[in-house]
Student: 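Input: one structure, supplied below.
Counting convention: from 1, in listed order, for ligands and their atoms alike.
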Amino acid sequence: MRDLIRGAREVLAAIWRRHRGKTIGSILLMVAGAAAAPLIAAALAVMTDAVVAGDSADATRAGLLVAALAVAVLTFAHFAHVFYFDLADLAELDFQQRLIGLSHGTAGIHHHEDAAQADTLSVLEQDSRQFQGAIEALLNTLGLLIASGVTAVLLARLHPVLLLLPLAAIPPLLCGRWAERRIDRSRTAAAEPTRVALNLFRLATSADTAGELRVFRLQKELRDRHGVLWDRAGDRLWHGRLTGALLTVAGQLVFAAAYIAAVLLVVASAVRGDRSVGDVVLVIVLAAQVSQQVTQAVTLLETLQRTASTYRRLGELETFVRERSGGPAGVVEPPDRLREGITFDGVGFTYPGTGTAVLRDVDLTLPAGATVAIVGENGAGKSTLVKLLCGFYRPTAGRITVDGYDLAGLSVTGWRERIAAGFQDFVRFELVARETVGIGDLPRIDSSDDVLAGLGRAHATDVLDRLDSGLETQLGKSWTDGAELSGGQWQKLALGRALMRPRPLLLVLDEPTSALDPQAEHDLFQRYSEQSRRVAAGNGGITVLVSHRFSTVRMADLILVVSGGEIVERGDHAALMAARGVYAELFGLQAAAYR
Ligand SMILES: Nc1ncnc2c1ncn2[C@@H]1O[C@H](COP(=O)(O)OP(=O)(O)OP(=O)(O)O)[C@@H](O)[C@H]1O
């Protein structure tokens with residue numbers, strides 16, 4: 001029950017936040033329409049008695065009242081629906097914006113990498129389409145309460161025992177709630193196979209995968225796996241829905257028995273002459289309305305229960321995100337320039353939900369103004385170091401300090417404003433080219449000069465030569481006239497985006513040039529590091545580059561070799577070569593391969 005009230009409160013609060021006038025208007029229409037319905041029964045009874053008594057004036061007046069009430073019910077309901085559609089859109093907008101905030105408005109990304117929370121997010125995404133029904137259900141419930149009140153008064157006037165009739169509504173209500181809970185459990189159980197099946201579907205229908213799927217002849221395999229998962233999800237849903245339907249029917253049967261008893265009670269007393277014909281009409285119509293009200297209540301409660309589950313899930317996810325954020329949000333503004341650098345002090349890290357530390361006892365300083373390269377085998381922990389630097393996760397041991405300030409205590413927004421990053425799995429934002437690059441520094445997105453400067457720093461202005469309208473060209477296959485780019489071209493734009501901010505305190509480049517050829521990558525970083533040294537002399541900014549290409553890495557001021565979650569070697573190229581350790585060996589192997 002608490003869940004139900006919370007769900008109803010959340011929906012009402014959402015529409016109230018978005019549009020008070022429409023919320024009030026829809027409630028008034030609903031109340032008026034709801035009260036009119038049972039009054040029709042009373043007016044019908046008066047009309048019947050007037051007809052039986054041969055009083056044509058009274059019969060006409062009552063008849064006109066019946067007509068007026070019927071018109072009111074129909075028109076109010078119609079206008080109320082217009083409001084529902086609008087309010088449902090507003091509630092959906094409110095919910096989706098909360099979901100976006102939860103999904104990407106947080107400092108950390110742990111909820112995206114936890115399977116259970118990913119399931120919850122996927123169910124919530126689907127649930128965000130249900131507000132049409134939720135708003136209607138909520139307002140209809142308010143109307144139903146009023147209609148039931150008026151009906152109860154009319155029934156009590158006929159015979160006090162008839163007041164028990166709504167009590168017979170309790171079994172169907174309870175059964176309806178049990179049914180909804182059962183269905184909800186089956187939806188949760190089906191969430192994982194549904195999510196994986198949808199991922200497979202996207203994989204099997206995406207243009208990006210077309211080549212590999214053909215070469216490896218994966219079409220049948222994917223279709224089979226997709227089918228198996230879909231069947232598994234379907235089975236779980238089917239059992240839930242079937243049990244739910246059986247429970248609902250059982251509850252309805254109890255009410256049907258009570259309905260028949262109520263009508264028989266008044267008919268018997270009318271036969272004895274204790275009641276008028278109008279009373280019989282009244283009880284038949286009212287009992288039918290009670291039946292309708294009960295059926296409606298069950299359906300409404302099911303819908304409200306579903307809405308309540310949606311908000312419960314949203315609340316659980318919010319709690320998860322809050323609790324796993326690793327402590328209170330930092331408030332200290334980061335410095336405008338770095339004097340000392342960024343220091344890792346005994347840093348260890350274990351991904352949530354796993355038992356193995358992927359970083360152990362990392363002690364290191366990234367000096368202000370330096371270009372730092374991180375190398376190491378796959379899975380060594382390079383990207384994890386980067387994620388900690390960006391503040392996506394907090395260390396599970398030790399701390400990271402920025403000029404002596406604990407990174408965990410720095411304002412997330414402030415830190416994000418002072419860093420820039422380019423990742424290997426960059427996003428192909430299908431916007432116009434200027435925006436695709438410009439979103440790297442939102443306040444300057446409209447400045448073509450600034451966007452060109454970012455592209456210049458990334459040595460990526462040549463991508464524009466292929467675009468009909470230059471910076472204003474719409475990019476992406478989703479648009480009819482959108483220009484499609486090669487993987488390397490998309491990556492160059494992503495690099496331009498990463499370099500939009502001219503003076504970041506920390507620039508992280510996690511294999512951002514993997515789609516470029518080694519020579520192009522080498523040339524790019526040669527020129528980039530010259531520029532960045534000039535900029536770094538001003539604000540002490542640090543560039544961190546993760547790369548597997550030693551020809552690029554060698555120009556860094558400091559090279560870190562990561563292995564098994566530890567820094568096993570550190571120094572510049574000359575020092576590491578002289579040490580004849582892992583770095584020297586790997587450098588020698590790669591150089592020989594290119595010879
Ligand atoms: N979200 C995650 N949840 C659990 N474990 C993870 C997660 N991401 C990475 N790992 C594990 O952490 C370890 C380090 O991964 P990381 O991505 O930091 O390696 P990397 O050095 O960047 O590798 P690569 O060169 O392949 O990109 C790996 O063993 C990986 O399986």
Student: Identify all side-chain donor-acceptor contacts of residues 560-581 below 3.5 Å with residues at least two apart in sequence or on another chain.
Tutor:
unit_1: Glu569; atom_1: OE1; unit_2: Tyr583; atom_2: N; d: 3.2
unit_1: Glu569; atom_1: OE2; unit_2: Val582; atom_2: N; d: 2.5
unit_1: Arg570; atom_1: NH1; unit_2: Asp363; atom_2: O; d: 2.8
unit_1: Arg570; atom_1: NH2; unit_2: Asp363; atom_2: O; d: 3.0
unit_1: Asp572; atom_1: OD1; unit_2: Ala574; atom_2: N; d: 3.4
unit_1: Asp572; atom_1: OD1; unit_2: Ala575; atom_2: N; d: 2.9
unit_1: His573; atom_1: ND1; unit_2: Tyr583; atom_2: OH; d: 2.8

Student: Can you name the side-chain hydrogen bond (donor to acceptor under 3.5 Å, both in side chains) partners of Asp403, sequence neighbours left out?
Tutor: none
Student: Counting only heavy atoms, which portion of His548 has something under 4.0 Å from ligand 1: side chain, backbone, both, or neither?
Tutor: side chain
Student: List the steps and the verdict of side chain to side chain contact (heavy atoms under 4.5 Å, CB included) for Phe423 and Val546.
Tutor: CA-CA 9 Å; Phe423 300 102; Val546 178; over 6 Å; no
Student: Tyr393 to ligand 1: N or O pair under 3.5 Å?
Tutor: no
Student: Heavy-atom distances under 4.0 Å decide this one: backbone, side chain, both or neither, for Val358 against ligand 1?
Tutor: side chain
Student: Under 3.5 Å, is there a donor-acceptor pair between the Thr384 and Tyr393 side chains?
Tutor: no
Student: Show me which atoms of ligand 1 lie under 4.0 Å from any heavy atom of Ala380.
Tutor: 19 (O), 20 (P), 21 (O)
Student: Within the 4.5 Å heavy-atom criterion, are Arg232 and Val228 side-chain neighbours or not?
Tutor: yes
Student: Among Lys387, Lys382, Gln424, which one puts a heavy atom closest to atom 20 (P) of ligand 1?
Tutor: Lys382
Student: Which pair of heavy atoms, one from Glu472 and one from Ser448, lies closest together, and at what distance?
Tutor: OE2-OG, 4.4 Å
Student: For ligand 1, is Gly381 a contact, meaning one of its heavy atoms is under 4.0 Å away?
Tutor: yes
Student: With a cut-off of 4.0 Å, which atoms of ligand 1 are near a heavy atom of Thr384?
Tutor: 14 (C), 15 (O), 16 (P), 18 (O)
